[in-house]
Participant: 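Below is one structure. I have some questions about it.
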2 protein chains.
Amino acid sequence: MVNKKCIIRLLRYKNALHRLNSLGFVRVFSDNLADAVGVTASQVRKDFSLFGICGNKRGGYQIETLLEKLNHILGKNEQQKVVIVGGGNIGAALMKYKGFEKEGVKIAACFDIDPAKYNHREGDIPVLPLEQLKDFVRQHHIRIGVIAVPDIAAQQVLDFMLAAGIKGILNFAPIRLRAASDCVINNVNLVLELETVIYFIINGTESSINNRHIG
Amino acid sequence: MVNKKCIIRLLRYKNALHRLNSLGFVRVFSDNLADAVGVTASQVRKDFSLFGICGNKRGGYQIETLLEKLNHILGKNEQQKVVIVGGGNIGAALMKYKGFEKEGVKIAACFDIDPAKYNHREGDIPVLPLEQLKDFVRQHHIRIGVIAVPDIAAQQVLDFMLAAGIKGILNFAPIRLRAASDCVINNVNLVLELETVIYFIINGTESSINNRHIG
DNA sequence: GATTTATTGTTCAAAAAATCACAATAACTA
DNA sequence: TAGTTATTGTGATTTTTTGAACAATAAATC
Ligand SMILES: NC(=O)c1ccc[n+]([C@@H]2O[C@H](COP(=O)([O-])OP(=O)(O)OC[C@H]3O[C@@H](n4cnc5c(N)ncnc54)[C@H](O)[C@@H]3O)[C@@H](O)[C@H]2O)c1
Ligand SMILES: NC(=O)c1ccc[n+]([C@@H]2O[C@H](COP(=O)([O-])OP(=O)(O)OC[C@H]3O[C@@H](n4cnc5c(N)ncnc54)[C@H](O)[C@@H]3O)[C@@H](O)[C@H]2O)c1
């Protein structure tokens, strides 16, 4: 019922509403949102209905209250702190990115085994030895972590993170992780994402793909 | 019929087979693959059946021939060349990553508007002025491109890439792109991926999530 | 070579997701 | 204020996706 796809749609609605809000709009209709996110208006209303969000018949939805409700549902009222393990290419890109804070996500620290990566510069996100992960996570009550280490190290790192108390994982390593304890793992496989595009370009031309968003 | 999810599964089977192959295995059963990829054995056989792939009853599948068939279906027999537009955090991370070549994906060049990013060093992937995109794409017959520019620039960059002849896009900018001509767009929204994990950690604890891969 | 066994390929059923359709009704209009 | 209109909220329907079941059968065994 509350599956991943549905949550992702809610998050997208929220983003679209942010934009509309900052453009000065006050209310919105289901089909505006549908357009902005790329779904049908029915889908928007069904999703809202599922979470008990209601608007005004004929009047649409008040953007401000809608945002409040979505933020409440999505737990976006307080900033969420996150750690990264692996300060290489991907880890560094994530640390340098300013877009997380705007969405209420704070990258609290990064952990690595390579001393060359350690960094305590004021203002930067600290990059610390992996051994400090457990203490850090406990001290800051962190439940979410990103895995950005090479695939061969990923399983071991996962186990270590779970032992430290991490419950939710965003995993960039292209392997299927095994977890004993209860946790949530979301995998991002960038090679796969690119290969998917390649497939549809090679094999999709004859089947008249017109400007299709495949994800 | 041949939807994105199915293609992604095929790509995952292919990856799993690669691993098994390099471990010295010669044949594989549907439930091995299912395990490796996180689906049911029925699903594996159904997917293969859909593409006319068949193994031997009681004998499973010959890994080598299976890989050949998958590579043929997925168009992975020749190396695919790709360009990146935007040599910032994400663009640079992608360029430094060695994992694409192994999967037959070659990042041919990157394009940027910031002269500080230009790079002609022998051995490195070249970073060139955006104006050179069209010629480069034509000369190298490139059909796939990655968008790794700030969201405000993304639509304009897309239009430029399509005009240059690019047909397939992997887009990292967190906006919904509009495309007039026929093309395929695959969106990767990393903030969303992280927010999804956060949602399931905040709201999922009571509903007894056990070690669930949500993507 | 006959018998047993394990695994495929496919059909059918179930579950999940998306879409349709429309009554209910709040907001506009005159 | 009465009438009209546009939009919601949701039950019904369709489509898509997944899983279970099992006959067919190739490999293994004896
Ligand atoms: N960079 C990309 O564009 C890209 C693309 C697709 C997939 N990936 C995947 O993302 C992951 C990270 O890729 P990357 O390019 O950033 O790799 P990288 O090699 O640049 O960085 C990995 C970092 O992890 C650290 N590390 C290694 N073992 C560790 C351990 N046991 N504990 C803590 N830290 C450890 C290393 O010191 C290094 O800093 C990999 O699994 C890769 O396959 C990356
Ligand atoms: N870095 C991350 O971890 C991260 C996370 C989530 C989303 N994203 C998204 O990915 C995209 C890239 O992020 P980033 O952190 O790499 O950004 P960045 O600012 O580091 O890099 C952007 C690059 O694009 C170039 N550029 C700007 N306008 C251009 C144009 N019109 N044509 C060509 N090049 C242009 C800039 O010169 C710069 O080199 C953004 O849309 C961002 O929202 C990034």
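The sequence lines fix the lettering, A, B, ..., with proteins before strands; numbering per chain opens at 1.
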Participant: Looking across every strand, which nucleic acid part, if any, lies under 4.0 Å from A:Lys46 by heavy atom: base, sugar-phosphate, or nothing?
Facilitator: base
Participant: Classify the side-chain pair A:Gln155/A:Asp159 by whether it contains a donor and acceptor separated by less than 3.5 Å.
Facilitator: yes
Participant: Taking N and O atoms by type only, does the side chain of B:Ser42 place a donor or acceptor under 3.5 Å from a partner on the base of D:dA20?
Facilitator: yes
Participant: Going by an N to O cut-off under 4.0 Å, is there a salt bridge joining A:Asp135 and A:Arg138?
Facilitator: no
Participant: Any base atoms under 4.0 Å from B:Phe48, or only sugar-phosphate, or nothing? Heavy atoms, all strands.
Facilitator: nothing
Participant: Below 3.5 Å is the cut-off: list the nitrogen or oxygen pairs between protein and nucleotides 22-24 of chain C, distance only.
Facilitator:
none

Participant: Identify which nucleotide among D:dT17, C:dA18, C:dA27 has an atom closest to any side-chain atom of B:Lys5, counting heavy atoms from C-beta outward.
Facilitator: D:dT17
Participant: Without hydrogens or angle criteria, can the side chains of B:Asn71 and B:Asn77 be said to hold a donor-acceptor pair below 3.5 Å?
Facilitator: no
Participant: Report the distance from atom CG of A:Leu10 to atom C1' of C:dA17, rounded to the nearest whole Å.
Facilitator: 15 Å
Participant: Specify the separation, in whole Å, of atom CZ of A:Arg9 and atom P of C:dA17.
Facilitator: 9 Å
Participant: Heavy atoms within less than 4.0 Å of DNA chain C: which residues of residues 26-41 of chain A have one? Give them sorted by number.
Facilitator: A:Arg27, A:Thr40
Participant: Whole Å only: how far is the CG atom of B:Leu50 from the P atom of C:dT11?
Facilitator: 12 Å
Participant: Would A:Glu78 and A:Lys106 pass as an ion pair if we require N to O under 4.0 Å?
Facilitator: no
Participant: How about B:Leu177 and B:Asn171: do any of their side-chain heavy atoms sit closer than 4.5 Å?
Facilitator: yes
Participant: Would one find a side-chain N or O of B:Asn3 under 4.0 angstrom from OP1 or OP2 of D:dT17?
Facilitator: yes
Participant: For the residue pair B:Phe136 and B:His140, does the interplanar ring angle fall in the parallel (under 30°), tilted (30 to 60°) or perpendicular (over 60°) class?
Facilitator: parallel
Participant: Quick one: do B:Phe100 and B:Tyr97 satisfy ring-ring contact (aromatic ring centres under 6.0 Å, His included)? Show the steps, please.
Facilitator: CA-CA 7 Å; B:Phe100 288 112; B:Tyr97 186 57; 5.3 Å; yes
Participant: Do any N or O atoms from the side chain of A:Asn3 and from the backbone of A:Cys6 form a donor-acceptor pair under 3.5 angstrom?
Facilitator: yes
Participant: Measure from OH on A:Tyr13 to C1' on D:dT8 and round the result to the nearest Å.
Facilitator: 14 Å
Participant: Could you check B:Gly59 against A:Gln43 and say which one's nearest nucleotide on DNA chain C is further toward the 5' end?
Facilitator: B:Gly59
Participant: So that I can tick it off, tell me whether A:Lys4 and B:Glu193 are bridged by a salt bridge, with the cut-off set at under 4.0 angstrom between side-chain N and carboxylate O.
Facilitator: yes
Participant: Rounded to the Å, how far apart are A:Asp47 CG and C:dT19 P?
Facilitator: 11 Å
Participant: From the set D:dA28, C:dA26, C:dT19, return the single nucleotide nearest to any side-chain atom of B:Arg58.
Facilitator: D:dA28
Participant: Is the CD atom of B:Glu64 crowded by more than 12 outside heavy atoms at less than 6.0 Å?
Facilitator: no
Participant: Is the phosphate of C:dG9, meaning OP1 or OP2, less than 4.0 Å from a side-chain N or O of B:Tyr61?
Facilitator: yes
Participant: Could you please name the option among D:dG9, D:dT18, C:dA27 that lies closest to any side-chain atom of A:Cys54?
Facilitator: D:dG9
Participant: Can you tell me the distance, in whole Å, between the NZ atom of B:Lys4 and the P atom of D:dT16?
Facilitator: 18 Å
